[in-house]
Amino acid sequence: MSLHEKYIAGIMLAMLTASSITVKAQTKIVPQLGKNSIQEVVAAMTLQEKCTLLVGAGKAPRPKQAAGLKAGMSNGFVAPPPMIGKTEVKVEGAAGNTNAIPRLGIPSMVLSDGPAGVRISPHRKGDSSHTYYATAFPVGTLLASTWDPAVVESVGKAFGNEVKEYGIDILLAPGVNIHRNPLNGRNFEYYSEDPLIAGKMAAALINGVQSNGVGTSIKHFAANNQETDRNFVNSEVSQRALRELYLKNFRIAITESHPWTVMSSYNRLNGSYTAERHDLITTVLRDEWKFKGFVMTDWGGGFSDVAEEKAGNDLIMPGRPDQIEDLMEAAQHDSLSMKILNENVAHILAIILKSPSFKKYAYSNKPDLKAHALVSRKAATEGMILLKNDAQTLPIVKKVKSIAAFGNASYFTIAGGTGSGDVNKAYVISVAQGLSNAGYKTDPILETSYTTFVKDTSAKLWANAKKEHHWPGPVPEMMVNEDKIADEANTADLALITIGRNAGEGSDRDLATNYTLTANEQQQIKKIANSFHAKSKKVVVVLNIGGVIDMNGWQDNADAILLAWQPGEEAGNAIADILSGKVDPSGKLATTFPVKYEDVPSAKNFPGEPANKPEHVVYQEGIYVGYRYYDTYKVKPMYEFGYGLSYTHFAISNLKLSSAVFNGVLTATVTVKNSGKVAGKEVVQAYISAPTKTIDKPAQELKAFGKTRLLQPGESQTLTFKINAADLASFHTDKSEWITDAGSYIFKAGASSRDIRQTANFSVAKAIMVEKDHDVLKPEVAIDEYKGK
Ligand code: BGC
């Protein structure tokens with residue numbers, strides 16, 4: 001080798017060595033998520049990358065109105081920082097995405113609504129060969145009415161499979177807020193007035209969904225119990241009502257199912273936005289309850305991005321580029337510490353690691369919608385409630401062959417509510433279609449009249465609404481003329497009237513027109529009943545509703561009433577399953593139907609003050625919500641919590657307690673026997689009345705429940721309930737302690753809250769301090785709360 005050659009070789013060797021050093025150095029300084037620890041990845045992130053991860057990948061510029069309110073931002077528009085992540089829209093119609101940071105191997109996650117089915121666009125631009133419909137499952141209120149976590153978990157499993165197969169990482173569900181007032185427009189998404197039912201049902205759904213390796217976001221945390229002025233209203237709630245009702249539902253679900261994420265709510269709580277409350281999100285959720293996932297805002301919820309991050313609300317959704325800049329600015333000016341940023345980033349990274357997007361799951365876009373429709377139908381039948389059944393009108397007797405189906409909702413049956421809780425389903429089986437599928441004859445002329453009327457009226461309402469720039473109102477009930485009703489009474493064997501009600505995100509229900517049946521509806525029910533009863537034929541009313549309605553003035557005209565709720569896409573088939581007796585009704589109310597709206601304990605304080613645009617809403621009823629109020633204050637409901645009829649009868653007997661003196665765990669057993677003539681299932685509800693020497697308590701509270709398997713006539717099953725000290729404890733605000741008071745307790749086994757079949761006494765010898773919590777979430781103003789009787 002010549003000198004020159006040696007020289008060149010030397011240079012090349014040096015270059016090679018240098019480049020391999022650079023390669024090594026680069027590999028070393030760019031850790032990758034999954035290959036390196038989360039701490040190493042966080043340490044390698046620039047400030048901009050961290051803030052990019054903490055803000056969702058929404059692209060909208062800062063809204064003008066909000067901009068002026070933030071320090072230093074006067075013109076309403078801030079140039080967005082350059083995007084680091086390359087976030088493509090993977091799933092059209094999904095609610096949001098997180099930002100990707102490819103340099104560190106961090107993918108974007110897809111987040112999608114909602115509680116009753118995956119909410120994505122069914123069609124995609126440039127893709128006419130495939131549709132992306134999702135199964136519409138029954139709404140939350142129906143699922144809770146099953147009183148059967150196993151059924152709800154089976155829905156969760158099918159639901160989660162759709163989440164995964166459509167390329168989604170996190171489902172924005174379940175909604176677990178308490179039914180504080182029947183007018184809340186989103187009650188259909190939620191489960192119950194009772195935190196135990198709500199918590200157990202949410203846990204079952206989450207466990208089912210997450211068994212697929214996808215996440216959930218339990219929402220809306222917390223005290224978000226109305227839609228009116230939801231982004232501003234301040235919920236003023238006592239610490240005790242929060243602990244015993246409005247947080248307890250979340251606590252049960254979170255500790256029993258470990259959702260990947262929690263969504264904070266839109267409202268303020270005792271003065272500040274929930275997303276900005278460190279005491280709620282860090283002290284209670286993470287420190288007390290040991291929640292390990294991440295917290296996200298509701299879409300556009302909260303006010304100050306920086307306060308949200310400080311509170312521990314990790315992800316800001318849907319996210320705007322200028323919010324990234326806000327956070328960076330705060331970090332640079334030391335008003336947001338790097339420690340907080342790092343912790344919040346780490347919370348999100350830990351979930352990304354588990355996500356299908358990180359694992360590069362090859363989703364099919366072809367979930368088994370046929371199989372899931374069966375799951376939806378089965379769950380729907382399990383949660384429908386037979387409210388009334390005079391003279392065994394139902395199941396429909398053999399000789400009934402033809403049914404006159406009245407009511408717009410017999411033909412346009414409502415699968416679920418509106419807003420983010422709505423699902424783009426391929427179809428909804430109407431009540432009329434379901435009856436016909438079950439072999440009943442329905443009248444095609446009636447069908448044509450209803451179909452034409454609803455379509456034409458809806459088109460007119462939309463045209464007007466567009467002109468006047470508002471949403472169209474509901475289509476009014478079609479009035480069938482008296483001759484036609486008489487004609488139907490002559491030819492059909494039975495009348496069926498479906499009453500439909502819908503509501504959803506953004507507004508609460510109108511008392512006069514949505515909660516109450518209109519004068520036309522009431523008159524029509526009466527006319528139909530008169531004509532059919534004159535011919536000794538029965539009238540069945542099906543309630544296709546998302547929340548409690550007024551039953552006065554019309555229910556006496558009906559021989560039977562089936563509360564079908566909003567039962568998902570298989571609505572008509574599931575309703576026919578119950579009406580025909582193919583399935584015995586076994587649903588029970590998880591929310592009370594009062595005699596009149598004024599009886600609702602929050603009626604005076606809903607939706608808050610001032611009435612036209614409430615700034616605050618006082619939860620004056622405290623812990624006395626639903627049956628806790630009706631039972632304590634001795635107000636008779638129309639249909640009580642836990643109520644529901646069956647085609648058979650059950651005897652509940654032989655209540656036995658493990659011990660008459662509480663020793664840490666109380667085990668109770670009861671025998672349930674099907675004493676009727678057809679197979680069915682019974683729900684046994686365990687209520688406890690506790691001593692009230694130290695603080696006031698509801699007359700009784702649900703502490704456990706169980707549903708039997710399908711029992712054949714004459715068959716029995718023993719149900720077992722376990723009660724521990726925490727279940728018996730009340731929250732003593734003065735000490736911030738959960739205490740099981742000493743004294744006498746009554747254990748009650750009932751078929752409803754007012755149909756107690758067996759009782760047994762036990763005592764607690766010495767008070768038990770079960771848990772000491774932080775003294776947080778105090779109301780800013782004194783609340784003149786209900787104190788029981
Ligand atoms: C709703 C949430 C929903 C989110 C995303 C919000 O308006 O309150 O429940 O998950 O939008 O669609």
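One-based numbering, in listed order, for ligands and for the atoms of each.
Listed by chain and number, the residues in a ring pair (Phe, Tyr, Trp, His ring centres under 6.0 Å) with Phe358 amount to none (sequence neighbours excluded). A search for salt bridge (Lys or Arg N to Asp or Glu O under 4.0 Å) contacts involving Glu153 returns nothing, not counting sequence neighbours.
The pair Lys157-Asp368 fails the salt-bridge criterion, with no side-chain N (NZ, NE, NH1 or NH2) lying under 4.0 Å from an Asp/Glu carboxylate O. Note on Asp169 versus Lys359: no salt bridge recorded, every NZ/NE/NH1/NH2 to OD/OE distance being 4.0 Å or above. With respect to Glu621 and Arg180, a salt bridge is recorded, a charged nitrogen being found less than 4.0 Å from a carboxylate O.
Residue pairs meeting the side chain to side chain donor-acceptor pair (under 3.5 Å) criterion with at least one partner in residues 201-211, sequence neighbours excluded, are Gln210-Thr216.
Residues of the protein with a heavy atom under 4.0 Å from ligand 1 are Ala95, Asp113, Leu172, Arg186, Lys219, His220, Arg230, Met263, Tyr266, Asp298, Trp299, Ser420, Glu505, listed by chain and number.
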